[in-house]
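All remarks here apply to the structure that follows.
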Amino acid sequence: MGILTGEEGDPVALENASARGRVILVCEHASRLLPKSLGTLGLSEEALASHIAWDPGALAVSRLMAKSLDATLIFQRFSRLVYDCNRPPESPAAMPEKSEVFDVSGNIGLDQAARDARTEALYLPFREKLSRLVKDRIAEGRAPVIVTMHSFTPVYFGKPRAVEIGVLHDADTRLADAMLAAVGTGGLYDTRRNEPYGPEDGVTHTLKEHGLSNGLLNVMIEVRNDLIRDEVDQRVVADYLTGLLIESLPAA
């Protein structure tokens with residue numbers, strides 16, 4: 001028996017597939033849902049509701065941006081704790097044994113067969129659907145722009161984070177440079193380059209796999225999750241980020 005049952009559906013969701021805009025929005029940590037076959041991974045409900053299981057608010061902001069930008073949105077329907085689709089299979093962080101202060105007992109001591117089963121059930125369908133979407137757009141003569149959407153906790157290992165929005169990049173800085181220039185010195189939010197994470201933290205896998213490898217403009221956006229807790233705040237942030245992208249794309 002596989003990780004997912006037939007009733008649990010496709011692990012990958014695609015919305016606005018026929019979009020005419022340039023942007024493809026990617027949300028790897030959209031959900032805290034766990035496959036029934038894996039129970040709770042040994043975690044409390046409090047832990048499973050927290051940022052270790054998903055990126056709160058990221059999907060809601062992505063959906064609002066997809067409408068404004070006429071963008072296609074692709075996201076993973078299951079928790080990052082089962083498989084983090086922003087990590088390659090060989091990375092320990094793909095199926096973390098510990099996330100911040102929480103031990104994930106259901107991930108401890110996984111053998112290769114168990115790791116392979118999760119990779120095949122969750123990561124490979126996600127990678128293949130995104131790869132096909134990108135290749136189809138290129139074949140149509142409209143090279144897409146890859147924008148991955150994330151949120152982060154305002155307090156990490158007990159330390160508050162001042163940054164509110166992070167604009168992250170790997171080797172290709174074109175779009176990030178343009179966005180940061182558009183923010184200038186008087187932006188609505190404290191916006192910083194490669195914070196609270198950067199390439200050295202292994203967070204740019206999707207950018208490298210689907211953006212850099214195809215020579216496409218790409219950027220990763222991190223939003224502090226206390227800024228997107230309700231619909232009003234989500235819309236404000238979505239409008240802000242949409243405006244930044246619209247202003248930045250011609251300059252990138």
Side-chain angles (χ1 to χ4, degrees), residues 12-30 55 57-77 85-86 125-151 165-184 187-189 191-194 198-199 203-223 228 234-252:
V12 191
L14 193 67
E15 295 181 356
N16 202 15
S18 59
R20 300 306 301 172
R22 295 177 66 189
V23 171
I24 294 175
L25 292 163
V26 184
C27 197
E28 302 101 318
H29 307 152
D55 282 357
L59 179 59
V61 172
S62 298
R63 281 175 162 154
L64 291 167
M65 292 174 65
K67 289 181 181 178
S68 299
L69 294 164
D70 191 18
T72 294
L73 168 62
I74 183 169
F75 62 93
Q76 171 58 250
R77 293 184 53 248
C85 284
N86 194 28
F126 184 85
R127 185 184 72 178
E128 289 164 7
K129 186 163 284 191
L130 178 52
S131 179
R132 175 49 52 197
L133 178 62
V134 168
K135 286 179 169 56
D136 286 348
R137 293 286 171 87
I138 293 172
E140 293 168 4
R142 51 190 191 113
V145 176
I146 307 298
V147 178
T148 67
M149 296 295 301
H150 296 260
S151 72
I165 292 179
V167 178
L168 283 59
H169 61 80
D170 201 277
D172 182 353
T173 70
R174 292 174 294 169
L175 184 50
D177 288 346
M179 290 181 69
L180 290 164
V183 170
L188 183 61
Y189 300 99
T191 304
R192 307 184 190 181
R193 182 190 301 270
N194 283 340
V203 300
T204 56
H205 173 65
T206 298
L207 299 186
K208 293 190 290 185
E209 182 84 5
H210 302 281
L212 272 72
S213 66
N214 292 298
L216 302 174
L217 290 172
N218 63 90
V219 73
M220 177 177 175
I221 297 174
E222 286 271 9
V223 182
I228 49 174
Q234 289 162 3
R235 186 166 294 281
V236 171
V237 169
D239 288 348
Y240 176 73
L241 293 174
T242 296
L244 271 187
L245 281 168
I246 291 172
E247 182 176 349
S248 303
L249 282 171

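We use all heavy atoms of the structure for the numbers below, so side chains are in, but hydrogens, waters and symmetry mates are not. Residues take their numbers from the sequence shown, with the count starting at 1.
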Between [X] and [Y], which heavy-atom pair has the shortest distance, and what is it?
X: Cys27; Y: Leu73; value: CB-CD1, 4.4 Å
X: Ala71; Y: Val23; value: CB-O, 3.2 Å
X: Cys85; Y: Phe126; value: CB-CD2, 3.7 Å

Report the distance from atom [atom1] of [X] to atom [atom2] of [Y], rounding to the nearest 0.5 Å.
X: Lys67; Y: Asp70; atom1: NZ; atom2: CG; value: 12.5 Å
X: Arg20; Y: Leu69; atom1: CZ; atom2: CG; value: 15.0 Å
X: Gln76; Y: Leu130; atom1: CD; atom2: CG; value: 12.0 Å
X: Leu217; Y: Thr173; atom1: CG; atom2: OG1; value: 10.5 Å
X: Ile146; Y: Leu207; atom1: CD1; atom2: CG; value: 8.5 Å
X: Glu222; Y: Ser151; atom1: CD; atom2: OG; value: 7.0 Å

Checklist entry - Considering the options Asn218, Asn86, Thr148, which one meets the side chain to side chain donor-acceptor pair (under 3.5 Å) requirement together with Thr206? => result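 Result: among Asn218, Asn86, Thr148, Asn86 is the only option passing the side chain to side chain donor-acceptor pair (under 3.5 Å) with Thr206.
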
Checklist entry - Could you go step by step and tell me if His210 and Ile24 meet the side chain to side chain contact (heavy atoms under 4.5 Å, CB included) rule? => result CA-CA 11 Å; His210 302 281; Ile24 294 175; over 6 Å; no

Next on the checklist: Working note: Arg137 + Arg22, criterion side chain to side chain contact (heavy atoms under 4.5 Å, CB included); need CA distance, chi angles, decisive distance, verdict.
Outcome noted: CA-CA 9 Å; Arg137 293 286 171 87; Arg22 295 177 66 189; over 6 Å; no

Next on the checklist: Among Asn214, Asp136, Leu133, Leu216, which residue satisfies the side chain to side chain contact (heavy atoms under 4.5 Å, CB included) criterion with Pro144?
Outcome noted: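 That would be Leu216; it is the only one of Asn214, Asp136, Leu133, Leu216 passing the side chain to side chain contact (heavy atoms under 4.5 Å, CB included) with Pro144.
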
Between [X] and [Y], is any pair of side-chain heavy atoms under 4.5 Å apart?
X: Ser62; Y: Val26; value: no
X: Thr204; Y: His169; value: no
X: Thr72; Y: Ile74; value: no
X: Ser213; Y: Lys208; value: no

Item to check | Pairs touching residues 168-180 that satisfy salt bridge (charged side-chain N to carboxylate O under 4.0 Å, His left out), sequence neighbours left out | outcome: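 Listed by first then second residue: Asp172-Arg174, Asp177-Arg193.
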
Item to check | Exam field: side chain Gln234 to backbone Val61, donor-acceptor pair closer than 3.5 Å | outcome: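 No, the answer is negative, given that no donor and acceptor are paired below the 3.5 Å cut-off.
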
Item to check | side chain to side chain contact (heavy atoms under 4.5 Å, CB included) between Met65 and Met149, worked out | outcome: CA-CA 10 Å; Met65 292 174 65; Met149 296 295 301; 3.6 Å; yes

Per-pair distances, 0.1 Å, donor-acceptor, side chain in residues 235-252, under 3.5 Å, sequence neighbours excluded:
| unit_1 | atom_1 | unit_2 | atom_2 | d |
| --- | --- | --- | --- | --- |
| Thr242 | OG1 | Ala238 | O | 2.7 |
| Ser248 | OG | Ala178 | O | 3.4 |
| Ser248 | OG | Met179 | N | 3.4 |
| Ser248 | OG | Leu244 | O | 2.6 |

